[in-house]
2 protein chains.
Amino acid sequence: MTEKSYHHGDLKNALIQAGIKILADEGIEGFSLRKVAREAGVTHSAPYAHFADKQAMIAAISTDGYRKVYERINAVIEQFPDDPLRQFIETAWVYVSFGFEEPDHFKITFSGSVEREREYPALVEMTGKTFDALRQLIIRCQKSGLLDSGEPDLAAVTVWGFVHGFVHLIQEGMVSHVVTNRYTKREMLILSLNQFLKSPLTEDPRDGFILGSGK
Amino acid sequence: MTEKSYHHGDLKNALIQAGIKILADEGIEGFSLRKVAREAGVTHSAPYAHFADKQAMIAAISTDGYRKVYERINAVIEQFPDDPLRQFIETAWVYVSFGFEEPDHFKITFSGSVEREREYPALVEMTGKTFDALRQLIIRCQKSGLLDSGEPDLAAVTVWGFVHGFVHLIQEGMVSHVVTNRYTKREMLILSLNQFLKSPLTEDPRDGFILGSGK
DNA sequence: CATCAATCTTTACGTTGTCTAGATTGTATA
DNA sequence: TATACAATCTAGACAACGTAAAGATTGATG
């Protein structure tokens with residue numbers, strides 16, 4: 001934090017934050033190791049004291065993205081105890097929100113920018129914890145009759161897969177304006193999630209749950 | 001096709017095929033404009049006679065990926081007329097198969113490698129046609145009672161989103177071996193798609209539809 | 001205070017995307 | 001048929017990139 005001494009102090013995290021900033025400012029195609037170093041105020045080789053190579057740096061940024069989502073998911077789960085439906089919807093919304101608020105950080109994190117050959121322990125741990133949280137949530141939803149019973153891992157893949165694809169398609173502009181003009185993103189998400197639920201919502205007075213009357 | 005004259009004859013398509021080959025051999029991180037040119041047997045600047053830049057070349061490869069999927073979808077739809085369920089499953093399977101057979105071509109095509117700012121007419125046309133085919137299929141499924149009635153565009157997003165995420169998660173190795181050891185990919189897909197269907201399949205004697213007895 | 005490992009800089013190399021100028025060719029026009 | 005032209009491809013150059021090696025600077029340890 002001294003910002004002036006030869007030794008930075010916490011360059012590793014500074015580089016991660018600088019990387020996130022560059023992703024936000026210039027997008028994923030403007031992302032380069034040298035630019036990140038410049039943003040952090042160090043030479044282009046300085047990162048190599050903390051990351052083996054560019055891939056390792058991307059893995060660290062990805063890990064940070066997972067951490068954010070994981071923490072927010074835990075937050076909403078604690079916020080709505082004994083309400084699996086609400087937990088289900090808000091967890092999905094956490095994922096979707098992150099995708100729209102920080103599209104390129106989201107892509108780096110969840111869209112396979114990291115090579116899976118080499119294993120980055122911190123990243124593997126975060127992906128595991130995140131998937132576990134989702135699986136536990138799925139199990140609670142199954143027990144309360146919201147979701148079909150069945151292999152929780154498979155159900156988790158189904159749900160995660162859907163939410164991921166949902167963000168992706170909207171980001172790519174593949175959803176027609178017929179739809180995007182009629183519904184907010186949150187409404188679209190809930191309407192879509194509805195197809196997974198055993199007892200579908202049609203209308204719900206809880207904040208943000210109003211889907212419009214009729215169809 | 002002369003392979004020796006100064007003018008290549010059909011370099012544009014040769015470059016697209018060379019690009020697909022490089023994606024298959026070296027993956028997406030080994031992909032470069034110069035390598036594609038080398039593979040096609042021309043100089044590194046030759047592609048600029050046919051593509052404005054690297055992005056335009058990626059867009060062309062992406063368009064080719066869409067074309068493949070679009071044609072295969074049309075094929076299975078014609079193969080099973082008056083059987084929306086089968087059309088639904090096989091269409092999903094076309095998408096998933098492409099993802100597993102040509103993972104990096106799939107990524108280039110469907111995972112947002114193309115910048116959406118500039119519009120590439122051929123690509124826009126193919127994405128539109130593909131989405132239309134899906135929407136028509138969805139409508140047929142709704143009419144036959146297989147899917148919930150409702151905004152077809154939104155249902156199409158839900159289904160496409162799910163299938164896309166499905167491929168993505170398996171490619172990233174996020175599905176536990178508990179699941180992947182028990183089911184084939186096709187079984188996993190069908191079991192997951194099951195959650196969308198109004199009258200779920202439990203078991204089905206038709207080829208490839210056997211999901212294993214019991215759960 | 002001396003030593004040492006961690007951290008950061010400097011310099012260098014090969015590769016990449018892209019630009020410019022020029023060479024080669026098929027095709028249309030006269 | 002000869003000529004002009006536009007399309008196509010080559011050759012060379014440039015800045016930016018990822019990465020490696022060697023050296024400078026620093027905080028921590030003894």
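All chains are named by letter (A, B, ...) in the order of the sequence lines, taking the proteins before the strands, and each is independently numbered beginning at 1.
Distance from the side chain of Arg38(A) is smallest for dC17(D) among the nucleotides dC17(D), dC9(D), dG18(D). With dT7(C), dC9(D), dG18(D) as the choices, the nucleotide that has an atom nearest any side-chain atom of Ala49(B) turns out to be dC9(D). Taking only side-chain atoms of Ala46(A), from C-beta outward, the nucleotide of dT8(D), dT9(C), dT10(D) with the closest atom is dT9(C). When the nucleotides dT7(C), dG17(C), dT10(C) are ranked by their closest atom to the side chain of Thr43(A), dT10(C) comes out on top.
Summarising the geometry, the separation between CG on Asp53(A) and P on dA21(D) is reported as 14 Å, rounded to the nearest angstrom. Rounded to an integer number of Å, the gap from NZ of Lys35(B) to P of dG14(C) is 17 Å. Distance Tyr48(B) OH to dT10(D) P: 14 Å, rounded to the nearest Å. Atom P of nucleotide dC8(C) and atom CZ of Phe51(A) are separated by 11 Å, given to the nearest angstrom. Straight-line distance from the CD atom of Gln55(B) to the C1' atom of dT16(C): 15 Å, rounded to whole Å. Rounded to an integer number of Å, the gap from His44(A) NE2 to dG18(D) C1' is 9 Å.
Identified under the side chain to side chain donor-acceptor pair (under 3.5 Å) test for residues 44-58 of chain A, with sequence neighbours left out: Asp53(A)-Arg118(A). For residues 27-48 of chain B, the salt bridge (Lys or Arg N to Asp or Glu O under 4.0 Å) pairs, not counting sequence neighbours, are Glu26(B)-Lys35(B).
A salt bridge between Arg186(B) and Glu90(B) is present, with a side-chain N of the basic residue lying under 4.0 Å from a carboxylate O of the acidic one.
Nearer the 5' end of DNA chain C, as judged by each residue's closest nucleotide, is the contact made by Gly41(A), out of Gly41(A) and Ser45(B).
Qualifying side-chain hydrogen bond (donor to acceptor under 3.5 Å, both in side chains) partners for Glu71(B), counting only residues two or more places apart in sequence or in other chains: Arg67(B).
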Would His164(B) and Phe106(B) count as a ring pair (Phe, Tyr, Trp, His ring centres under 6.0 Å) if you check the C-alpha gap in whole Å, the side-chain angles of each, and the deciding distance to 0.1 Å? CA-CA 10 Å; His164(B) 182 83; Phe106(B) 176 90; 5.8 Å; yes

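Put simply, the side chain of Asp83(B) reaches to within 4.5 Å of the side chain of Leu85(B), judged on heavy atoms. At least one side-chain heavy atom of Ile58(B) sits under 4.5 Å from a side-chain heavy atom of Ile108(B).
With the end axes of the helix from dC1(C)-dG30(D) to dA30(C)-dT1(D) each set by five pairs, the angle from one to the other reads 0° at 10° resolution.
Within residues 25-34 of chain A, the residues approaching DNA chain D are Ser32(A), Leu33(A), Arg34(A), by heavy-atom distance under 4.0 Å. Heavy-atom distances under 4.0 Å link DNA chain D to no residue of residues 11-24 of chain A.
Phe88(A) and Phe196(A) have their aromatic ring centers separated by at least 6.0 angstrom. Taking the six-membered ring wherever Trp is involved, the centroid distance between the rings of Phe166(B) and Phe162(A) does not fall below 6.0 Å.
The cationic group of Lys68(B) does not satisfy the cation-pi geometry with Phe98(B), failing either the under 6.0 Å distance to the six-membered ring centre or the 45° limit from the ring axis.
When each of Val96(A), Val94(A), Leu134(A) is tested with Val163(A) by the rule side-chain contact (heavy atoms from CB on, under 4.5 Å), just one qualifies, namely Val96(A).
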